[in-house]
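Scroll down for the structure; my scribbles are underneath it.
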Amino acid sequence: MAARPATRRWGAVLAAALALTACGAPEWTYVTNKEERTYAKVPTSWRDVSAEVPPTQGVFGLDPARLNWVQVFDADAAPTAEHAMGLAPPSAPAMVVVVFTLPEQQRGSVSLDFLRDLVFPVSERSRTLLAMQPVAGLDDFTLYADQTLTPGDGLRGVRSIFSYAINGGPPQVFDQTAYTNDDASKIYLIMLRCSIECFAERGAEIDSVASSFTVREN
């Protein structure tokens, strides 16, 4: 029996609705902390592995008692927090977002170079000291980009893209953005990392995530 016109019409409407739903499926996961007024977005294919980081574990050598927020995402097919915080270059993008409080005695020393050097020696001064007193396992530094950021609300920061070879392994690329607030009481950090080959292939994706990192003080 031939389908009735009304049946065909509703079938077409349903097909169109399903197509619109598929096209409108979110491509991004929004990573937010309303209390810290800190936001970022990651592709929906990246997996949240923050639960792998216990509250008592420091991140990048930071005192865990001063960590206000830690989020870790991994784009690897077998995601793990180790890809974001370990030493080996990950073959897929990995990301760490950290908000932490600085001790009062350290706040007067917070500069843009302080922010650059939060995890690795990036500033010219730190790299000069590194050359004079080499750190085992850290060499082949390349600086690709360095940008001072002044988003307003008393915030200041810097975004640096650089590479290091660690423990004699192949170079890996780090895309780091760090902000501090007006009284330097807090540091807001996003660090993305990837192998050289991965960065060449997925650099635009990494840039979209890094560029989405937003802090609102007021």
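Hydrogens, waters and symmetry mates play no part in the numbers below; they use all other heavy atoms, side chains included. On a predicted model such as this, the values are computed, not experimentally measured, just so you know. One is the number of the first residue; the rest follow in order along the sequence.
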Can you check whether [Y]'s main-chain N or O pairs, donor with acceptor, with [X]'s side chain at less than 3.5 Å?
{"X": "Thr214", "Y": "Ser212", "result": "yes"}
{"X": "Ser160", "Y": "Gln176", "result": "no"}
{"X": "Thr32", "Y": "Tyr30", "result": "no"}
{"X": "Ser211", "Y": "Ser208", "result": "no"}
{"X": "Gln172", "Y": "Leu87", "result": "yes"}
{"X": "Ser126", "Y": "Ser123", "result": "no"}
{"X": "Tyr179", "Y": "Lys186", "result": "no"}
{"X": "Asn167", "Y": "Gly169", "result": "no"}
{"X": "Arg193", "Y": "Gly86", "result": "yes"}
{"X": "Asp74", "Y": "Asp76", "result": "yes"}

Do the side chains of [Y] and [X] get nearer than 4.5 Å, heavy atoms only?
{"X": "Pro93", "Y": "Cys198", "value": "yes"}
{"X": "Val59", "Y": "Val96", "value": "yes"}
{"X": "Tyr188", "Y": "Leu155", "value": "yes"}
{"X": "Tyr164", "Y": "Pro121", "value": "yes"}
{"X": "Val158", "Y": "Leu149", "value": "no"}
{"X": "Val122", "Y": "Phe174", "value": "no"}
{"X": "Ile161", "Y": "Phe199", "value": "yes"}
{"X": "Val98", "Y": "Leu62", "value": "yes"}

Could you measure the distance from the [atom1] atom of [X] to the [atom2] atom of [Y]? Nearest 0.5 Å is fine.
{"X": "Asp153", "Y": "Arg216", "atom1": "CG", "atom2": "CZ", "value": "7.0 Å"}
{"X": "Arg107", "Y": "Phe114", "atom1": "CZ", "atom2": "CZ", "value": "11.5 Å"}
{"X": "Arg66", "Y": "Ile187", "atom1": "CZ", "atom2": "CD1", "value": "12.0 Å"}
{"X": "Asn68", "Y": "Thr38", "atom1": "CG", "atom2": "OG1", "value": "9.0 Å"}
{"X": "Leu143", "Y": "Arg116", "atom1": "CG", "atom2": "CZ", "value": "8.5 Å"}
{"X": "Leu192", "Y": "Ile206", "atom1": "CG", "atom2": "CD1", "value": "6.5 Å"}

Hydrophobic cluster identity match, Leu67 and Tyr39, side-chain contacts under 4.5 Å:
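No; tracing contacts between hydrophobic side chains, which count when under 4.5 Å, never links both residues.
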
Any side-chain donor paired with an acceptor under 3.5 Å for [X] and [Y]?
{"X": "Asp183", "Y": "Ser185", "value": "yes"}
{"X": "Thr80", "Y": "Glu52", "value": "yes"}
{"X": "Tyr144", "Y": "Ser163", "value": "yes"}

Who passes side chain to side chain contact (heavy atoms under 4.5 Å, CB included) against Ser50, sequence neighbours left out?
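Counting only residues at least two positions away or on another chain, Ser50 forms a side chain to side chain contact (heavy atoms under 4.5 Å, CB included) with Asp48, Gln71, Val72.
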
Closest approach of [X] to [Y] (non-hydrogen atoms, all atoms of both residues):
{"X": "Leu102", "Y": "Ala184", "value": "CD1-O, 3.5 Å"}
{"X": "Ala92", "Y": "Ala75", "value": "CB-C, 3.8 Å"}
{"X": "Leu115", "Y": "Ala178", "value": "CD1-O, 3.7 Å"}

Hey, mind stepping through Trp46 and Val209 against side chain to side chain contact (heavy atoms under 4.5 Å, CB included) and telling me if it holds?
CA-CA 11 Å; Trp46 295 25; Val209 175; 3.9 Å; yes

Measure the acute angle between the ring planes of Phe162 and Phe120, then classify it against the limits of 30° and 60° as parallel, tilted or perpendicular.
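Phe162 and Phe120: perpendicular rings.
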
Starting from the C-alpha separation in whole Å, work towards a yes-or-no answer on side chain to side chain contact (heavy atoms under 4.5 Å, CB included) for Leu138 and Ile166.
CA-CA 5 Å; Leu138 196 61; Ile166 302 177; 4.1 Å; yes

Between Arg156 and Asp182, is there a salt bridge with N-O shorter than 4.0 Å?
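Arg156 and Asp182: not salt-bridged.
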
Any Lys/Arg nitrogen of Glu124 or Arg127 sitting under 4.0 Å from an Asp/Glu carboxylate oxygen of the other?
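Looking at Glu124 and Arg127, the cut-off is not met.
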
Run the side chain to side chain contact (heavy atoms under 4.5 Å, CB included) check on Val119 and Met191 step by step: do they pass?
CA-CA 9 Å; Val119 183; Met191 167 74 82; 3.9 Å; yes

Tell me, yes or no, whether the heavy-atom count around Glu104 atom CD, taken from other residues, nucleotides or ligands under 6.0 Å, exceeds 12.
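It does not: Glu104 CD has 12 such atoms or fewer within range.
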
Would you say Glu201 has more than 12 foreign heavy atoms packed within less than 6.0 Å of its CD?
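No, because the 6.0 Å sphere around CD of Glu201 holds 12 heavy atoms or fewer from other groups.
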
Run Leu112 and Thr148 through side chain to side chain contact (heavy atoms under 4.5 Å, CB included) and show every step you take.
CA-CA 8 Å; Leu112 293 182; Thr148 299; 3.7 Å; yes

Check the pair Glu205, Arg202 against salt bridge (charged side-chain N to carboxylate O under 4.0 Å, His left out), reporting the backbone distance first and the verdict last.
CA-CA 5 Å; Glu205 181 181 359; Arg202 303 178 69 170; 2.8 Å; yes

